[in-house]
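To start, the structure under review is shown below, and the notes come after it.
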Amino acid sequence: MEKTFDPQSIEQTCYQRWENSGHFAASGKGDPYCILLPPPNVTGSLHMGHAFQHTIMDALIRYKRMKGNNTLWQVGTDHAGIATQMVVERQLNAQGQTRHDLGRDDFVKKIWEWKAHSGGTITGQMRRLGTSPDWSREVFTMDDNLSEAVTEVFVKLHEEGLIYRGKRLVNWDPVLHTAVSDLEVVNEEESGHLWHMRYPLADGSGHLVVATTRPETMLGDTAVAVHPDDERYRSLIGKEIKLPLSDRLIPIIADDYVDLEFGTGCVKITPAHDFNDYEMGKRHSLPMINIFTADAKVNDDAPEAYRGMDRFDARKQIVADLDALGLIEKIDDHKLKVPRGDRTGAVIEPYLTDQWYVAVESLAKPAIEAVESGEIRFVPENWNKTYYQWMHNIQDWCISRQLWWGHRIPAWYDNNGNVYVGRTESEVREKQGLANDVVLHQDEDVLDTWFSSALWPFATMGWPKQTPELETFLPSSVLVTGFDIIFFWVARMIMMTKKFTGQIPFKDIYITGLIRDENGDKMSKSKGNVLDPIDLIDGIELETLVEKRTAGMMQPQMAEKIAKRTRKQFPEGINAYGTDALRFTFAAMASTSRDINFDMARVEGYRNFCNKIWNASRFVLMNTQDADTGAKGGELQLSVADKWILATLQKTRADIETALADYRFDIAAQHMYEFTWNQFCDWYLELTKPVLNNEDATDAQKRGTRHTLVNVLEQLMRLLHPFMPFITDTIWQQVAPLCGHALEADATIMGQPFVEEVPELIDEEIIADIDWLKKCIVGVRNIRGEMDISPNKPLNVLFKNASASDQRRTQDMQVFLTRLGKLESITQLADGEEAPPSATAIVGDMEVLIPMAGLIDKDAELARIDKALDKLSKDIQRVEGKLANEKFVANAPDAVIAKERAKSEDFQSQQRTLMAQRETIASL
RNA sequence: GCGUCUAUAGCUCAGUUGGUUAGAGCGCUACCUUGACAUGGUAGAGGUCCCCUGUUCGAGUCAGGGUAGACGCACCA
């Protein structure tokens, strides 16, 4: 083995071995355990959020697989309609073309080509991360069988009247030329203006003033509304306005939606371009005048002067024209929420179009109940409040998109405007009795990407066919995802899965935090703070990183800023930390908080942890590889330390399993780290040296310790494997044979059982023995450290006031004490025997004394004692204060009181000892 | 407006139903190249648990109020 852990030299061969072993597929034995991978965009690449979630999922999958479950990780990718179409469209634009130049068929062909070209990126990256899904079942949302499920669901919902087509106001993205759902619109507060415009009364008797943030929409005004109780305007209700610039007559109507307090109390009503106005328009049967094209340019229904103008140019022109007519009363600065498309950033235009909708109310009810009843459980639990809040106010879902990439809507139109929904055109013809000479054309639109994603839990299992997988793996065990897609995806999966299978899609929903940068900022290309997980695994040169972060920036000055910041943060580039270190970092950071600030120092720390594991293994192998480990029999005599590490490993195993059952990966990681470093390496390995290097030790003793060394290491590798698959398998390959396992050629740790529970190994007395040993050694080291005694200087120590058990322990562990404490001798003082002036460490009632002669400065030891006494007196004061409180003694549970009493006694005994010591030393 | 979350060591974070002397990693200080490991070892320093009030024998933990910040939903033209 190399002296330093080198992740790159081991990762590739491991993954090959795993894939070849066939363990990724469900075993067919044991209780089913299934995780559905939230399908990433097929043409996307792995970002930190993926790497985080995939680590969690893989850890669960590997753990459950080792626990003997019939384990399936269903993998696949999403066609991601808008995102993918935009990527390919941008490529076309770069060549001076648009998708319209190609036409639909050729454009879609181009997207498939792009998918073929880049579709393997993310799955390749998942392999680098060590994930172990069943690749043989990998699906794509536009595969034939998934598309079939999509059609089936659409048709069935339509038959039940739960999918309908309607002309309504939708969120229109004028850049993409498509409707988007409410969820795809982000409302950000921006600075704008409130224009106060004079609207003349038709009878020439005066004017009203209306306030608006969007003056250009006046071209589509069909009324002015006031509050029915508004004294100022009551007499005007029913009269007419002569709409400036258009010269149309529009009524003044009364509606209590109007807020008397806001603006002038008069509202211009544009039913075709505002959601509230639309509702009011319907209430009052107002005409709806659409004044924009799909590009959000003024259309031919508007006055000629503005036709063809962009909506924002039209705004300027209209304000100028009104001003020229003296119709602008005033312009105020105003903060308003501007709706923008989450993909394009374009201002969304409420736009009157024909779209398909899902009526969600009846679907939402059982989906709410599934969570209320506890059948589905959010982890952490409070996310169910977010879920309820949205589900109780859920609106019908606009599912049609005017895109070319996606599942085509299974609806056909004849030339008379009739619409027929069916699985295929021929089914439609047959069902409707339409002759072959009736011309039908299919709906041009595609479905919202999330429509197919909503079917993921059952469509991936073969639905609408009744398959064994559907039987076995629905409901799946846990969904691991981010809170950002609870509405987009999680809620819709629950609705659709309940509707079409009667089952819940998953039992637990583990909601992960969002990975942010070290300052708590969201990682984004435009901020230039994105970390690529693969760069943390393989490392990256500074210049390459700078180039990567600044490539394709829209603004050159931003690129400069980002380059500067990157150079400052990573002057040496990024080291290659390896997959295991990265995965362990993610696990350790997976606490219950909703934001996770990614700290590079953690990765480095866990890379060091990998190195520690590596070197501990080197030590074990060096001492066992060419020696008798008892694998073939022979008497085994275990030392106290051997028994102790076996007990401690058992306790750790239990702690880790408890943490994993609670999805507390941070706690599990903590236990793994603590045991490996602070117990196994710091103490146990040191405690084996006195046995292995002791010429007086018997063969049975040496064999016993070697046997324990290899077996604990072998178990430790299995314990850590779910989090750190590569390093553990690599080491396991070497250590398992020393434990007597005959390895097949393709053997891998991932096919091994998890560490078994053996309660009888947990021997509390042994644990107490080693605890005592540690206290003695730490006591000596402490005095060495504080008194500046060289760690190499052998010491003669005295044990004073040693009880029978202290004496027994001294006897049993003498070799450990002397080796680890670097002691020349240990002398037990008899009762009443005078001790020379010494520095003192307290272990229970016993004192460990290091004679000062020639070693220890009087004043230094006095200072050390004073410091300890100071702390003790504060402790005693606090505890005694509590015990003196009658109410405490009367009310607190007996166990608590007993504990406080014991504490008090312990403190006081320590205090007496130290005071006596102080006196002796002071009198020198 | 409604709702959710966060505030603990210089930094990043743990701290289960109230009950040890509030912990870890990183960073910091001193010493140590000792035959697994300097990506290491030993020892150490470092905390007004955001503030106020309350409940309680007892509050980092519970309740109320406040301050600062993050997020979701719905919004007045």
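Note on naming: letters A, B, ... go to the chains in the order of the sequence lines (proteins, then strands), and numbering restarts at 1 for each one.
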Open item on the list: Below 30° counts as parallel, above 60° as perpendicular, anything between as tilted: where do the rings of A:Tyr663 and A:Tyr510 land?
Closed with: parallel
- [ ] Give none if B:G69 has no partner; otherwise give the nucleotide forming a Watson-Crick or G-U wobble pair with it, both distances under 3.5 Å.
- [x] B:C5
Task: side-chain N/O A:Arg618 vs B:U39 OP1/OP2, d < 4.0 Å - done: no
Open item on the list: Considering every strand and a 4.0 Å limit on heavy-atom distances, what is the contact class for A:Ala890: base, sugar-phosphate, or nothing?
Closed with: nothing
Open item on the list: Just the rounded figure in Å: distance from P of B:U6 to CG of A:Asn597.
Closed with: 14 Å
TODO: Report yes if a side-chain nitrogen or oxygen of A:Lys3 is closer than 4.0 Å to either non-bridging phosphate oxygen (OP1 or OP2) of B:U39; otherwise report no.
DONE: no
Task: Lys/Arg N to Asp/Glu carboxylate O, A:Lys882 vs A:Glu900, below 4.0 Å - done: yes
Open item on the list: Is there a side chain to side chain contact (heavy atoms under 4.5 Å, CB included) between A:Asp517 and A:Asn597? Walk through the geometry before answering.
Closed with: CA-CA 5 Å; A:Asp517 78 359; A:Asn597 297 352; over 6 Å; no
Between the protein and nucleotides 18-26 of chain B, are there any N/O to N/O pairs under 3.5 Å, and if so, what are the atom names and distances?
| from | atom 1 | to | atom 2 | distance (Å) |
| --- | --- | --- | --- | --- |
| B:U20 | O3' | A:Lys903 | NZ | 2.4 |
| B:U21 | OP1 | A:Lys903 | NZ | 2.2 |
| B:U21 | OP2 | A:Lys903 | NZ | 2.8 |
| B:U21 | O4' | A:Arg878 | NH2 | 3.1 |
| B:U21 | O2 | A:Lys871 | NZ | 2.7 |

TODO: Classify the side chain of A:Glu686 and the base of B:A36 as holding, or not holding, a donor-acceptor pair under 3.5 Å.
DONE: yes
TODO: May I ask you to decide if the ring planes of A:Trp383 and A:Phe483 are parallel, tilted or perpendicular, using 30° and 60° as cut-offs?
DONE: parallel
Task: Nucleotide paired to B:A43 in any strand shown, Watson-Crick or G-U, under 3.5 Å - done: B:U29
Open item on the list: So for A:Arg781 and B:U42, does any side-chain atom that can act as donor or acceptor lie under 3.5 Å from a complementary atom in the base?
Closed with: no
Task: Ion pair A:Lys268/A:Asp221, N-O distance below 4.0 Å - done: yes
- [ ] Determine, using ring centers only, whether A:Tyr673 and A:Phe723 are less than 6.0 Å apart.
- [x] no
Task: Salt-bridge contact A:Arg583-A:Asp580 (side-chain N to carboxylate O under 4.0 Å) - done: no
- [ ] Considering just the side-chain nitrogens and oxygens of A:Ser591, establish if one lies under 4.0 Å of OP1 or OP2 belonging to B:A14.
- [x] yes
Task: From CZ (A:Phe816) to OG1 (A:Thr688), nearest 0.5 Å - done: 8.5 Å
TODO: Just call it for A:Leu514: base, sugar-phosphate, or nothing, with non-hydrogen atoms closer than 4.0 Å on any strand.
DONE: nothing
TODO: May I ask you to say what A:Cys681 touches in the nucleic acid, namely base, sugar-phosphate or nothing, with a heavy-atom cut-off under 4.0 Å?
DONE: base
- [ ] Report the base-pairing partner of B:G58 (Watson-Crick or G-U wobble, both distances below 3.5 angstrom), or none.
- [x] none
Open item on the list: Can you identify which nucleotide, out of B:A77, B:C75, B:U4, has its nearest atom closest to the A:Lys337 side chain?
Closed with: B:C75
Open item on the list: At 4.0 Å (heavy atoms only), tell me whether A:Ser593 reaches a base, stays on the sugar-phosphate, or touches nothing.
Closed with: sugar-phosphate
Open item on the list: Within the 4.0 Å heavy-atom criterion, would you say A:His334 contacts the bases, only the backbone, or no part of the nucleic acid?
Closed with: sugar-phosphate
Open item on the list: To the nearest 0.5 Å, what is the distance between OG1 on A:Thr222 and CG on A:Asp277?
Closed with: 8.0 Å
- [ ] Flag the pair A:Trp614 / A:Phe5 as yes when their ring centroid distance falls below 6.0 Å, and as no otherwise.
- [x] yes
- [ ] Mind listing the residues from residues 256-263 of chain A sitting with a heavy atom below 4.0 Å of RNA chain B? Number order is fine.
- [x] A:Tyr257, A:Val258, A:Asp259, A:Phe262
Open item on the list: I want to check one thing: is the phosphate of B:U56, taken as OP1 and OP2, less than 4.0 Å away from some side-chain N or O of A:Lys887?
Closed with: no
Open item on the list: Does B:G44 have its OP1 or OP2 closer than 4.0 Å to a side-chain nitrogen or oxygen of A:Asn782?
Closed with: yes
- [ ] Would you indicate which nucleotide in B:A77, B:A36, B:A43 comes nearest to any side-chain atom of A:Phe619?
- [x] B:A36
Open item on the list: Between A:Asp342 and A:Arg340 (salt bridge meaning N to carboxylate O under 4.0 Å), is one present in this structure?
Closed with: no
Open item on the list: Please confirm whether the shortest side-chain N or O distance from A:Lys867 to OP1 or OP2 of B:A45 is below 4.0 Å.
Closed with: yes
Open item on the list: Please determine whether a side-chain nitrogen or oxygen atom of A:His392 lies at a distance below 4.0 Å from atom OP1 or OP2 of B:G3.
Closed with: no
Task: Counter-base of B:U16, judged by Watson-Crick or G-U geometry with both distances under 3.5 Å - done: none
Open item on the list: Strictly below 4.0 Å: does A:Asn187 bring a side-chain N or O up to OP1 or OP2 of B:C75?
Closed with: no
Open item on the list: Give me the distance, rounded to whole Å, that separates B:G58 from B:U21 when you measure between the C1' atoms they each carry.
Closed with: 16 Å
TODO: Look at all strands and tell whether A:Lys689 reaches a base, only sugar-phosphate, or nothing, counting heavy atoms closer than 4.0 Å.
DONE: base
Task: Closest listed nucleotide, where the reference is the side chain of A:Asp595 and the choices are B:A43, B:A70, B:U12 - done: B:A70
Open item on the list: What's A:Glu786 touching, base or sugar-phosphate or nothing? Going by heavy atoms closer than 4.0 Å.
Closed with: sugar-phosphate
TODO: Among the candidates B:U39, B:A14, B:A77, find the nucleotide nearest to the side-chain atoms of A:Leu336.
DONE: B:A77
- [ ] Would you mind classifying the nucleic acid contact of A:Arg664 as base, sugar-phosphate or nothing, using non-hydrogen atoms under 4.0 angstrom?
- [x] sugar-phosphate
